[in-house]
Structure formats: structure tokens, C-alpha cells
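Here the structure comes first, spelled out in C-alpha cells, and everything after it is commentary.
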Protein chains: 2
Amino acid sequence: MNLKQLAKELNLSISAVSKALRDSHEISPATKKAVLAKAKELNYQVNPFASGLRKQKSKTIAVIIPEVVNDFFGPVINGIESIAQEKGYHVLIYLTHEVEQKEVAIINLLQNGRVDGVMISISAQTSDTTHLEALKEKGIPLVFFDRIVERINAPKVITDDYNSGAVATNHLIENGCQRIAFVSLPNKLTITQKRMNGYLDALKNIHIKKDNSLILFCNGDEHKDKDLIRNLLKRKDRPDGIFASVEKLAIITYEVCEELNLNIPADVKVICFSNLKTAGLLNPSLTTITQPAFEIGREAASILFKLIEKKGHHFLLEKTTINSKLIKRISTEKTSGEK
Amino acid sequence: MNLKQLAKELNLSISAVSKALRDSHEISPATKKAVLAKAKELNYQVNPFASGLRKQKSKTIAVIIPEVVNDFFGPVINGIESIAQEKGYHVLIYLTHEVEQKEVAIINLLQNGRVDGVMISISAQTSDTTHLEALKEKGIPLVFFDRIVERINAPKVITDDYNSGAVATNHLIENGCQRIAFVSLPNKLTITQKRMNGYLDALKNIHIKKDNSLILFCNGDEHKDKDLIRNLLKRKDRPDGIFASVEKLAIITYEVCEELNLNIPADVKVICFSNLKTAGLLNPSLTTITQPAFEIGREAASILFKLIEKKGHHFLLEKTTINSKLIKRISTEKTSGEK
DNA sequence: ATGAAAGCGCTAACAA
DNA sequence: TTGTTAGCGCTTTCAT
């Protein structure tokens, strides 16, 4: 079913039908009604390829994320999709699996009009960012969320990483930890840096100085990361507290603890960024920093759509920060509170 | 950058360049090489709309799921995307939020060539399935996974729901439960029916007969579902065991227990379908039935691509069953084993 | 081995 | 208010 057939059915020209469908002012109400009725009857749908080709817009955005195996990116997708559905946009999803090369390949796929805009949370391994700059050069709106590239001039939606890092560390300190390790993704990620700075300043406050042997930079590869964490916990001077900067590393930490027969929280206390919003299902000994993932998705998508719609206007919503929540669970009584 | 410009740069005709790029036999190796080099140099990418319009294929599939807030659909997406990436396909994602009306609207969007195939796990509220049949009528390949529609003649990828239901129920029985409730999504879902049959047969085995007051059909709306579960647990003759047919309902159950100060597993034992593969993070009192979500995604995607590529051939891979795993956690010693 | 040209289905400028 | 027409960028048949 296409315009031509529809026009024939109605004894109208193709362009009249096309205009009627887009509610043009130059078509009489009567014909509009007739067209709409017929279109519905025959279940006519505009061919997105023809229309996209002609209008040079796709009504589609791309979301590029490392993975969907944790409870951060899931809700983010939810948030993005909810806004996109409102706006009548379609959402393409691409996973980098933390591999820089895949990220580059994916970005290259998007250079030729397939999408009207891109949202990305960069891979842990990405260091060169020319692919992203190239995309921006082509005039394709770009929004970063969570894992951002500081030096690229594009809107960014993040959480209050520095502060969260400090709060998390303080929480361990309050629970009696002395040797607190920071387990994180590569140092090049801004989330790593900021969370670490919060961690370091919290320690500095109580006059503990930086101990590089307690700072672990993983790289996103599950096996390698597990080895690193195992080594950390096997040492006789192992930490009594661990601040895991991302959920996945906390999970690995838990697995290693089980393997080494270390009791949490008796032997080691753990706190992590995590969105397992399943309070009841959580191990009661785990305190989490929870990011408002759904809101981050919605916010980033809203900004992207503003950019798409106002394309050409030189307006730049710079960084947007959405606060995360501390959900306390280390202490014996199961209380939970906000920061 | 388009074919025309590229052709001009090379002093060739558009069609020659086009053919060269698609490695046609009617182009000399020499020109092919030149074209490829120039294309790479100028970072030429085919315009997907022009190409899609002409070839009437989109190199895109749609994935329609209820939500991405749990650890089932996340890994499923992962699996699908991994296959799609191999095959050079793009993945559109749509969420129904368990609302039938949204599912219908989404399916309608896909009737006009936007995608070459569709994978769906239907919403809990879907009862009428004419929209899905209409899609099949149009010749768009369709694959169901997990939440299938039995009567539609399309490939289906599921887990061994009946057996899992029986295993889950037996596990509660072995742990001393006498009054076991079955908390599930609407009865019209095949997963509900099969898991329930497993549950009922396990009870029948020990001569306990069906007690309808212990069987709860929720509908996917979080608030309503919570009320239902709260009522169940407030009764004086409340169950001593709960088999939650989906992860989300287990989470709600946990929340209600916390609210009512019921201790798990002392007061109530809970078992559920869940993919929180975060063994260490789980509440040790929770036993789960874990579905191989990643594999389900991969399998369903593989079948869809076969369908897309062999379009016209009357071959129908009917139901594919992938077994789930029982991860025991109720008993005090933290053992885990497979079924 | 290369080129010319038709047309995929739609939109929009222009004509009537 | 409606119709005619020229492409959008690509693929493919047919001619050269």
C-alpha cells in the first residue's frame, strides 16, 4: 500500500493525498477527512525510506552503550525510549562490549543519515575520540551520558560523581574501615577520575594518604578484572573496605570473596555504584550508590531532541548533573536513607 | 558524500562505482581497487534510505519487549545484538510497558518496510493478537521468544517452563513448605500456564490439591500487583512458600515482606524466575530459576535471520526449548547446583 | 567493462 | 484547492 494506490482509490493526485496526510493548510477539510478515512481503512503507513530519503531525516536516534547486563543501562534505555515514543522517534541500539574498535565501527555506520542524533556512553577502553569528533563535524547531534568525553563540546548528562565518591568512602570510614580500596574502570574515564577524587579527598579528610596499591584500574574484561581483584584480596594486608566504582566490579568482588571464603561484611565491607533497585533482593550487607538511571535516560534524550529540532541554533546545554542516592545497608539494622 | 560525487572524483559513471562497491563481476579488478580506495579515503557510506528504498530491504530488525528493567531482557538484547552485529543488521528497540495498546501501535509502525523482521515477547496484557497476525500476513518474518502466542504459526524460543515450575515447587516442598502460593502474570500468557501446570503437578504429587486462593494472577501494573500480594501476605492463613513466576513479582513480594515485617525465609520462603546473575549480591535466602537469556536472544535472532534470508521457502522451525537452571539458595549452606 | 536511464515512494516547489 | 513534476541517492536492466 503506497501513496499512488491510495490516490487512485480516492481519485486524487498523489501530492494532494500526501499533503492531506500531513495536514497541510492547502487542502480542504472535506478531502482531508476522506483521505484520512481511506488511509486508516487501508492501513496506509508512510514508507520511512522514501520519506527519509526525500526529507533527509530519519526520525531515528542511536543509543550506544557498553552493555545491557546491569541495572544501569536497562533503565536508561527505558527512559530514552519513553521520550522517543512521545516524540515519534525510533531507537536503534548498539553495544560496544567495552571494545574501542567496535565503538569506532558503530559510529562509522551512523555517518550517512541513518540517524538524526546519537546518544553515547563511551566504552571503558576508548582513548582516541576522533570518531566522535568526526560525527560531530558531520553535524549529527551528539549527547553524552554517564561516561562522557570531557573535551568534546556537546551536552553531557552525568551524576554527581565526585560527591558520590566521597559519600561512599565516608560511609566505609564510618563503618570502621581503615584500609579502603578503590576498584574501578580505567583511569581515562571521567567517572573513574571523579569518583576517585571523591574517594581520595574523603581519605585526606581523616589524614589517610593515597596508597596506590589500594587503587585498582580494571579494563572491562571480566576475566582480567577478576584476576586483579583476586590478587588484591589474596594479599595478607588486604583491604577491610572496598569501594567499587561500578556494579559489575562489585559483583566480581563478591564472587571473589565467595571463592576465597571471605565474609562480607565481617571480613571486608563493600560499597558500590549499583542500580539493583531490588532492595529486598540485595544482600543486606551491601551499601549502594544508586544513580537515577531512568531520569538520566529521559534527560539525555530530551536534550538530544532539542538539539535535533533546533539544529543550527548555536545553543549548548552544557553539563547536566543529576544526583545519585546512597542506600545504606552495611549496618545491621536495615535502614535506608538519602544523601 | 554520495555516489555522484564519488563518481565524479573517479571519472567514472555512477553505476560503475555502485557496482564496484558491491564487488560486481562486471567491473575490472583495477577499477574496483581504485573505487574502494577512493571510497575509503572520502569515508563514503551508502545512504541507507536510498538503498533501502531501492532494494526494499532495511537491514534492520525490531525487538519488542515489555521492559528492560530486569535482568532477563537485558541479556536477551545482548544476545540479539551480538548476532545482528555479525550479520550487519541494525536493531530497533521498542518497549510496550506491558500495555496492549502500545504493542498494537508499535506493530503498526512496522508494517511499511521499516524492518525486515520482528522479534517479540508479548505484553502481559495482550489478549487480542490480530495485530501480530496482520504483521505475519504482510510477510514480515516474526519470531516469538519467552512470552509467545501459541496459536500463531511462527518460530518460538522458550524455556522449559513446565518443568521449571515443577522443580521450583518441589524445592519449596523439600524445604518444608505446605501452603505454597503461585504468584504470576495473567493466565493468558503461556509462560504463566505452563509454570502453573508444573506447580500444580508438583503439588498433586504429594496429594495437595489446587487452592485457588493461593494462586494470584497479577497484570503487570506495579501498584495493583503490590496490592494483590500485600493482601495475600496479610491473611492469617498466609502461605509459607511463594513461587513467583517472574522476577519483578518476586521483587514486589520482597518489598511487601519488608513492609509487613515478614522474615525471609523464616516466615515465608520465596523462589522465583530471575536472572540476577549476581549470585553474590543476591539475598542468600532466595532460590532462583535462571533462564539462559543471552542464549535465548541469540537463538531467536539466528532463527529470525534464517527466516529473513530464506524468505519464501516454506520452512518453519517450530518451538525451540532452552533449559533453565535452578540455583538453590534457600538452604543455609550456600550451595548451587543445576537441575 | 562501462554507461545511460528508469524508478523505488515520497515531498515540495511551482503551475493551474 | 488540487495537480504536475523534479528530484532525494541508490540499484539494476539494458545498451554500448
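Worth knowing before you read on, the calculation uses all heavy atoms, side chains too, and leaves out hydrogens, waters and symmetry mates. The chains referred to below are lettered A, B, ... by the order of the sequence lines, with proteins before strands, and numbering in each begins at 1.
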Residues two or more places apart in sequence or in another chain: which of them pass side-chain contact (heavy atoms from CB on, under 4.5 Å) with [X]?
X: B:A124; result: B:E98, B:R147, B:L185, B:P186, B:L189
X: A:A301; result: A:I80, A:I83, A:M119, A:F305
X: B:I14; result: B:L3, B:K4, B:A7
X: B:E26; result: B:K19, B:S24

Are [X] and [N] close enough that a side-chain N or O sits under 4.0 Å from OP1 or OP2?
X: A:Y44; N: C:dG9; value: no
X: A:S51; N: C:dC10; value: no
X: B:Q5; N: D:dG9; value: no
X: A:N2; N: C:dG9; value: yes

(message) I'd like to check A:V46 versus A:K59 (side-chain heavy atoms, cut-off strictly below 4.5 Å). Are they in contact?
(response)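 Heavy-atom side-chain distance check fails, nothing below 4.5 Å.
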(message) Side chain of A:L12, heavy atoms from C-beta onward: which of D:dT2, C:dT2, C:dC10 has the nearest atom to it?
(response)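 Given the options D:dT2, C:dT2, C:dC10, the side chain of A:L12 is closest to D:dT2.
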(message) As a test of reading the structure: which of D:dC10, C:dC10, C:dT2 is closest to the side chain of B:S13, going by heavy atoms?
(response)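 Closest of the options to the side chain of B:S13: C:dT2.
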(message) Short of 4.0 Å, heavy atom to strand atom, which residues of residues 15-40 of chain B count as contacting DNA chain D?
(response)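 The stretch gives B:S15, B:S18, B:K19, B:R22 as the residues lying under 4.0 Å from the strand, ordered by number.
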(request) Tell me, please, which residues at least two apart from B:F294 pass ring-ring contact (aromatic ring centres under 6.0 Å, His included). (result)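 Applying ring-ring contact (aromatic ring centres under 6.0 Å, His included) to B:F294 gives none.
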(request) Figure out the CD1/C1' separation between B:I14 and D:dG9, and round it to whole Å. (result)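 Atom CD1 in B:I14 sits about 8 Å away from atom C1' in D:dG9.
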(request) Write down the distance between CG (A:L10) and C1' (D:dG3), rounded to a whole number of angstrom. (result)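 Atom-to-atom, A:L10 to D:dG3, this comes out as 15 Å.
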